[in-house]
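Every value quoted in this text rests on a predicted model; they were computed, and no experiment measured them. First the proteins, then the strands, lettered A, B, ... as listed; each starts at 1.
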There are 2 protein chains.
Amino acid sequence: MSNQLFFTPGPSQLYPTISQHLNNAMRENIGSISHRGKKFQMIFQEMKERLSDVLNIPLDYEIFITSSATEIWERIIQNLISNSSYHFVNGSFSERFYDFTTAYKLKSTAHISDFNHEFGEFNVPDEAELISITQNETSIGYSFNPEEIKNIRENNPEKLIALDLVSAVPSIPVDLSHIDTAYFSVQKCFGLPAGMGIWIVGPKCFEVSKAKASKNQIVGSYHSLAALKKNGDKNQTPETPNVLNLYLLKNVLKDMQLKGISSVQNETKYKAALLYQTFNQITELKTVIPHPLNRSKTVCVSEVHGGNKDLIEYLKSEQLIIGSGYGAFKDQHIRIANFPAHSKESIEMLVDEMGKYFEGK
Amino acid sequence: MSNQLFFTPGPSQLYPTISQHLNNAMRENIGSISHRGKKFQMIFQEMKERLSDVLNIPLDYEIFITSSATEIWERIIQNLISNSSYHFVNGSFSERFYDFTTAYKLKSTAHISDFNHEFGEFNVPDEAELISITQNETSIGYSFNPEEIKNIRENNPEKLIALDLVSAVPSIPVDLSHIDTAYFSVQKCFGLPAGMGIWIVGPKCFEVSKAKASKNQIVGSYHSLAALKKNGDKNQTPETPNVLNLYLLKNVLKDMQLKGISSVQNETKYKAALLYQTFNQITELKTVIPHPLNRSKTVCVSEVHGGNKDLIEYLKSEQLIIGSGYGAFKDQHIRIANFPAHSKESIEMLVDEMGKYFEGK
């Protein structure tokens with residue numbers, strides 16, 4: 001079983017150094033150290049410094065630890081939205097965040113699109129306090145055009161913009177200077193075991209949360225922005241967090257810095273090109289996202305003529321595990337993760353095997 | 001550094017089999033498997049079956065995964081309390097849950113006691129919907145008398161009772177048949193790395209949460225009881241959880257079952273007796289909790305005449321890490337965890353070293 005390679009869109013293949021870092025973690029007693037002690041504080045601080053460097057996070061932004069990106073949707077709602085938000089929805093994950101606003105009795109609205117074209121004309125309602133954009137829609141492999149994000153920012157200078165970076169960073173460059181808050185989970189492009197979300201929060205968010213709290217509105221409890229900031233200033237967390245994952249993230253960030261983030265991003269481009277070329281060359285496959293600009297480089301999705309089942313099974317027999325479609329596309333699409341943990345050689349091997357499978361048909 | 005033994009009250013010494021289970025997890029690709037797949041479902045189901053056996057959980061109770069016990073305080077408030085709750089507070093952790101009710105604008109009340117005597121006379125207000133009891137107050141080493149819990153149940157048959165089992169189970173027996181919901185985190189008595197809380201929920205809680213939701217009140221989003229139950233019924237979770245910790249918990253539960261839970265509990269008693277005997281024999285030490293019935297068997301707390309600093313430093317030089325006091329008692333108390341990961345031999349060594357230290361004074 002250990003020979004399997006996971007191209008599933010998260011959890012996915014672990015970053016190749018994880019096993020060694022886990023051994024070191026055991027040697028260094030990372031599972032036993034106090035989250036109120038110096039060693040923890042040093043690890044947290046180092047993670048934040050490395051992440052700030054890797055993602056080029058503006059200096060006055062804070063970085064917090066949560067348990068998942070899913071949790072961060074709820075924390076954004078609790079802290080940053082009083083009445084309504086506006087959501088660009090073009091897949092299951094952007095839709096789920098929008099659904100959370102209903103659970104919180106907000107009067108949010110959404111611009112619902114499909115993956116066949118760029119988001120067309122839209123009007124952000126005046127009353128929307130926050131605009132939600134999903135950089136990389138993992139369910140369908142749609143990548144949001146960065147130029148469009150700039151336009152949205154320019155046309156809405158007063159509103160908060162929240163950017164979902166799940167399965168995007170650090171594989172593709174993002175410009176956080178246009179963004180008020182962004183977040184991701186670690187089991188995608190960082191190649192970690194699941195169980196941690198990272199929340200990046202700009203200064204305007206703290207003002208908004210404070211203003212909401214001062215109006216006697218509920219902003220949550222241990223993960224209110226005030227509680228996160230109060231603890232974060234000491235390189236601590238309000239609760240006992242996933243210390244082991246924090247340690248792994250710090251170390252994988254270091255590994256990626258040593259390799260060079262531009263190398264990581266260039267390899268991502270190369271491997272994505274190879275995957276889309278393969279989808280293009282094989283008659284039975286068809287890239288789902290028509291506009292090249294919107295094709296995700298990290299989650300490459302193809303329709304499979306006649307269904308995905310036999311292809312997935314064949315690849316599995318070769319120890320290559322790829323993702324099925326999401327939701328309604330479960331049996332029709334394949335989703336192939338192209339994360340930093342996936343070496344050029346492994347993607348080359350995968351496309352070779354896909355070629356072999358369809359040649360034999 | 002790897003020779004250090006951690007007697008800190010959590011995170012603490014890892015259960016001795018953790019390292020081996022982590023190696024197996026890497027071999028079995030636990031960090032890469034999908035949380036929507038069969039293998040995950042089997043692990044989750046096995047964990048629930050083993051935990052039900054170990055804690056003798058009533059058959060109609062559900063078991064859910066969260067990120068921490070701290071999170072569960074918030075989920076209890078969101079799902080189970082509309083206006084007010086009643087809290088037995090006798091330390092920092094029971095107080096913190098009570099504080100969360102203020103953050104949620106509830107009109108909760110508390111019976112605030114100190115550790116010098118049992119909770120005296122109290123009246124649970126009629127309007128309180130839920131009674132919160134902390135079985136083992138980790139901050140001060142106070143253990144709530146199980147007979148008193150029975151009385152509270154008998155006198156309040158209609159109210160929900162929530163029992164905080166952090167640093168209590170499986171080291172001491174608890175009777176969950178009197179309890180509507182209970183919870184713990186895994187970095188205490190289960191000897192796991194931090195980053196997971198377990199929430200045990202009885203049938204009445206689902207009714208209460210449903211009734212709250214039907215009145216158009218907010219019950220949260222991905223971790224509402226309805227969402228947890230909908231996913232839990234399929235042995236799934238609403239979000240990508242800490243799969244690695246779930247795997248570790250399943251395996252440590254199995255290890256403890258093989259050893260026998262009564263053995264675990266008997267050893268706990270023996271080691272606790274040894275620690276309290278030591279506090280009693282050494283002039284400079286004084287057990288903090290006067291009434292033997294209320295002395296925690298898992299977090300043994302002593303005052304240190306003249307301050308704890310030198311003792312803690314001495315033990316550290318011998319590779320034995322104990323906890324300092326909590327909050328206001330930071331410099332005065334020592335807290336010694338007595339969890340299943342702490343062998344009889346390691347506690348014997350610890351009390352020997354404490355004896356040596358004070359002899360030399």
Side-chain angles (χ1 to χ4, degrees), chain A residues 1-2 4-6 8 10-14 18-19 22-23 25-35 37 66-71 73-74 77 96 99-100 103-105 185 187 191-196 216-224 227 238-245 321 323, chain B residues 1-2 4-6 8 10-14 18-19 22-23 25-35 37 66-71 73-74 77 96 99-100 103-105 185 187 191-196 216-224 227 238-245 321 323:
Chain A
M1 187 150 182
S2 59
Q4 288 183 329
L5 282 175
F6 287 80
T8 40
S12 190
Q13 190 67 19
L14 295 183
I18 289 289
S19 192
L22 269 180
N23 286 337
M26 288 300 102
R27 253 202 303 279
E28 295 180 40
N29 294 317
I30 298 301
S32 301
I33 62 168
S34 168
H35 59 295
T66 71
S67 57
S68 62
T70 307
E71 183 193 341
W73 289 334
E74 185 168 37
I77 290 172
R96 197 152 172 237
D99 289 344
F100 278 25
Y104 267 83
K105 319 294 177 198
S185 51
Q187 76 273 17
L192 259 61
M196 181 182 270
N216 213 28
Q217 292 180 52
I218 295 166
V219 292
S221 56
Y222 72 113
H223 275 184
S224 70
E239 83 293 12
T240 318
N242 189 334
V243 186
L244 190 57
N245 256 16
I321 315 296
Chain B
M1 185 150 185
S2 58
Q4 288 182 330
L5 282 176
F6 287 79
T8 40
S12 191
Q13 190 67 19
L14 295 183
I18 288 289
S19 194
L22 269 180
N23 286 338
M26 288 300 102
R27 252 202 306 278
E28 294 179 42
N29 293 316
I30 299 301
S32 301
I33 61 168
S34 167
H35 59 296
T66 71
S67 56
S68 62
T70 307
E71 183 193 340
W73 289 334
E74 186 169 35
I77 290 172
R96 197 150 173 236
D99 289 344
F100 278 26
Y104 267 84
K105 318 295 178 198
S185 51
Q187 75 274 17
L192 260 63
M196 180 182 270
N216 214 30
Q217 293 181 52
I218 296 166
V219 293
S221 56
Y222 71 114
H223 275 183
S224 70
E239 83 294 13
T240 319
N242 189 336
V243 186
L244 190 56
N245 257 16
I321 315 297

Contact part of Leu14(B) toward chain A, heavy-atom cut-off under 4.5 Å: side chain, backbone, both or neither?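 Both parts, backbone and side chain.
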
Given heavy-atom pairs under 4.5 angstrom as the criterion, report whether the side chain, backbone, both or neither of Ser12(B) touches chain A.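 Looking at Ser12(B), just its backbone touches chain A.
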
Does the side chain of Asn29(B) reach to within under 4.5 Å of the side chain of Ile321(A), using non-hydrogen atoms?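 Of all side-chain heavy-atom pairs linking Ile321(A) with Asn29(B), none is under 4.5 Å.
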
Would you indicate whether the side-chain heavy atoms of Thr8(A) and Ser34(B) approach each other to under 4.5 Å?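 In short, these two side chains do not touch, never coming nearer than 4.5 Å.
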
Just to verify, what does Tyr222(B) make a ring-ring contact (aromatic ring centres under 6.0 Å, His included) with, not counting sequence neighbours?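 With neighbours one apart ignored, the set is empty.
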
Would you mind telling me which of Ala194(B), Ser224(B), Ser185(B) has the largest number of heavy-atom pairs within less than 4.5 Å of chain A?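 Going by pairs under 4.5 Å, I would pick Ala194(B).
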
Go through Pro11(B), Ser32(B), Gly323(B), Ala25(B) and name the one with the most non-hydrogen pairs under 4.5 angstrom from chain A.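 Ranked by contacts with chain A, first place is Ser32(B).
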
Most contacts with chain B, counted as non-hydrogen pairs under 4.5 angstrom, among [options]:
| options | value |
| --- | --- |
| Ser221(A), Gly195(A), Pro193(A), Gly31(A) | Ser221(A) |
| Asn216(A), Leu22(A), Leu192(A) | Asn216(A) |
| Gln13(A), Glu71(A), His223(A), Gln217(A) | Glu71(A) |

Roughly how far, to the nearest 0.5 Å, is [atom2] of [Y] from [atom1] of [X]?
| X | Y | atom1 | atom2 | answer |
| --- | --- | --- | --- | --- |
| Ser67(B) | Met196(A) | OG | CE | 11.0 Å |
| Gln4(B) | Glu28(A) | CD | CD | 11.0 Å |
| Asn23(A) | Ser19(B) | CG | OG | 7.0 Å |

For Pro238(A) and Arg96(B), work out which heavy atoms get closest and say how close.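 Of all heavy-atom pairs spanning Pro238(A) and Arg96(B), the closest is O-NH2, 3.0 Å.
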
Under the side-chain hydrogen bond (donor to acceptor under 3.5 Å, both in side chains) test, residues paired with Thr240(B) that sit two or more places apart: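 Here the qualifying residues are Gln187(A), His35(B).
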
